[in-house]
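As the structure is a prediction and not an experimental result, all values here were calculated from the model. When reading the values below, keep in mind they use all heavy atoms of this one structure, side chains included, and skip hydrogens, waters and symmetry mates. Both ligands and their constituent atoms are indexed starting at 1 by order of listing.
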Amino acid sequence: MLNNINNVFKGSVFQTKEYGTLEYLDNILILVDNKGIIKNVIEKENEYYKPIIEEATNKNILVELSESQYFLPGFIDLHIHAPQWPQAGIALDDSLDVWLNECTFPLEAKYSDVNFAQKVYDDLVKNLVARGTTTAMYFATVHHNSSLELVKSCINNGQRGFVGKVVMDNVEMTPDYYRDNSTNEALLDTEKFIQDVIKLGENVLQGVYPVVTPRFIPSCTDEALYGLGKIVKKYDAYVQSHCSECDWEHNYVKSRLGMTDTQALNKFGLLGEKSVMAHCNFLNEGDGEIFNQTGTSIAHCPISNSYFANAVLPVKRLKKQGVNIGLGTDISGGFSPSLYDNIKQVVISSRMLEDGVDSNISNTNRGVNDSRTSVVEAFYLATKGGGDALKLPLGIIEEGYICDLQVIDINASKSKLPNFNIFNDKKHLLEKILYLSTINNIKQVWIQGKLVYENN
Ligand code: GUN
Ligand code: FE
């Protein structure tokens with residue numbers, strides 16, 4: 001019965017297949033093959049339930065959760081700057097332009113040193129995996145070799161990684177000590193990087209992928225942006241950038257190009273099914289329509305936005321327009337490597353958008369009506385929304401999907417979640433897990449059917 005099955009997972013699952021709808025699967029069996037793909041999900045009522053448990057036990061391939069443990073799908077971080085990990089929590093009292101020029105660019109310039117890169121990247125990837133992040137889409141730096149170190153860190157730690165060598169060639173908006181040598185070199189380096197990542201990933205089960213990465217419009221020339229658009233087409237590559245993040249950036253693009261970031265990125269050939277744009281706080285209705293029509297996804301970074309964006313992403317409006325949205329930590333615009341923290345902030349920020357924040361304004365004019373995002377919706381953004389953005393079968397436990405799991409223990413010794421037998425329904429339990437879990441509650445992390453992390 002279990003031919004070609006590597007593992008049988010037995011336990012209860014929380015997931016959300018449709019935006020806003022929570023599903024709880026009680027003590028199911030998840031059958032996973034040697035490629036890490038879910039072959040079958042068996043419910044308790046199924047006639048084969050008991051025989052499968054018996055056979056899996058005999059073959060020593062049963063992974064059985066205890067009473068206090070639950071499976072969640074692995075989280076997907078759609079936007080994170082790996083080189084900024086040493087800067088997490090630093091200088092967040094400054095504005096984005098000051099923060100970039102005084103802290104971030106000097107730090108990122110240090111990644112010309114491959115040994116330094118290797119040390120930081122390995123530490124970051126380990127920290128993310130320990131927080132249940134099974135897939136991440138990373139910005140590295142302008143440096144070819146150290147950006148490849150990030151790919152190697154993902155491979156070595158078993159994490160699925162999407163990695164971009166950053167392009168910044170505009171002499172007007174980048175410091176002398178940190179930019180591409182020329183537009184032409186930036187384009188050639190991007191192609192070489194794509195080829196090298198494909199080579200590195202040839203035998204990597206969980207997958208590593210190159211990403212075309214213009215940092216944002218201000219740091220790139222039009223020529224580079226056009227050139228990158230052509231490269232995207234040639235390789236059918238993933239693309240990432242920042243889009244309409246904050247007032248100064250959004251206004252800079254309008255005055256330089258006479259259009260919004262979205263219109264410009266589309267013109268350069270950088271929007272499409274495999275594009276993930278970070279922030280997007282200033283998207284108007286027309287921009288939302290372009291995102292919808294091109295199949296471009298948004299990486300919502302709510303913690304970072306609280307510091308730098310001057311606005312809250314209108315998640316509800318954009319979802320109504322049909323735009324797909326996932327979540328990003330935006331280390332280190334966001335200080336936290338945890339998507340749990342960002343799930344909470346999605347909800348909190350949306351409530352501030354809906355209610356408004358200035359009590360001097362009457363409550364009828366204070367906020368933007370009908371703007372709230374629920375915690376179950378935020379859970380979708382961290383899982384299925386991320387998988388849809390990457391066009392991979394990720395984010396839910398279902399036949400044909402990739403088996404990425406976190407095991408949550410609500411009775412973990414250093415972090416027992418409050419349980420006084422009052423709030424016992426499953427939705428309350430998930431809410432408690434999402435709001436109160438710490439790193440201590442994450443007992444195991446499985447990526448593509450492989451155990452990559454265990455917290456004993
Ligand atoms: N825009 C361009 N670069 C960055 C960055 O590193 N972080 C954020 N938050 N915004 C950016
Ligand atoms: Fe960012």
Problem set entry | Distance-only polar pair, side chains of Ser244 and His250, donor-acceptor under 3.5 Å | yes
Seminar exercise, completed: If we number the atoms of ligand 1 from 1 as shown, the ones under 4.0 Å from a heavy atom of Leu100 are 3 (N), 4 (C), 5 (C), 6 (O)
Problem set entry | Under 3.5 Å side-chain donor-acceptor pair for Tyr178 and Glu108 | yes
Exercise. Below 2.8 Å, any N, O or S contact between Glu245 and the Fe ion (ligand 2)?
Worked result: no
Exercise. Relative to the heavy atoms of Glu245, which atoms of ligand 1 are at a distance of less than 4.0 Å?
Worked result: 1 (N), 8 (C), 9 (N), 10 (N), 11 (C)
For this session: Run the contact test for Trp99 against ligand 1 with a 4.0 Å cut-off on heavy atoms, strictly below, and give the result.
Result: yes
Exercise. Where the Fe ion (ligand 2) is the centre, what is the NE2-to-NE2 angle for His242 and His79, rounded to 10°?
Worked result: 90°
Exercise. Taking both backbone and side chain into account, is any N, O or S atom of His81 nearer than 2.8 Å to the Fe ion (ligand 2)?
Worked result: yes
Seminar exercise, completed: Result for side chain to side chain donor-acceptor pair (under 3.5 Å) between Arg160 and one of Thr134, Thr133, Asp404 points to Asp404
Exercise. Are the ring centres of Phe379 and Phe14 closer than 6.0 Å?
Worked result: no
Exercise. Side chains of Thr104 and Gln84: is there a donor and an acceptor less than 3.5 Å apart?
Worked result: no
Problem set entry | Of the N, O or S atoms in Asp330, the one nearest the Fe ion (ligand 2) | OD1
For this session: Report yes or no: is the cationic atom of Lys384 (NZ for Lys, CZ for Arg) closer than 6.0 Å to the six-membered ring centre of Tyr19, at no more than 45° off its axis?
Result: no
Problem set entry | Centroid separation Tyr111 to His143 less than 6.0 Å | no
Problem set entry | Taking atom 3 (N) of ligand 1 as the reference point, the nearest protein heavy atom with its distance | Arg215 NE, 2.8 Å
Exercise. Does His279 have a heavy atom less than 4.0 Å from any atom of ligand 1?
Worked result: yes
Exercise. Given side chains that start at C-beta, do those of Leu148 and Val197 come closer than 4.5 Å, heavy atoms only?
Worked result: yes
Exercise. Which atoms of ligand 1 are found less than 4.0 Å from any heavy atom of Asp330?
Worked result: 8 (C), 9 (N)
Problem set entry | ligand 1 to Thr104 polar contact by distance, N or O atoms, under 3.5 Å | no
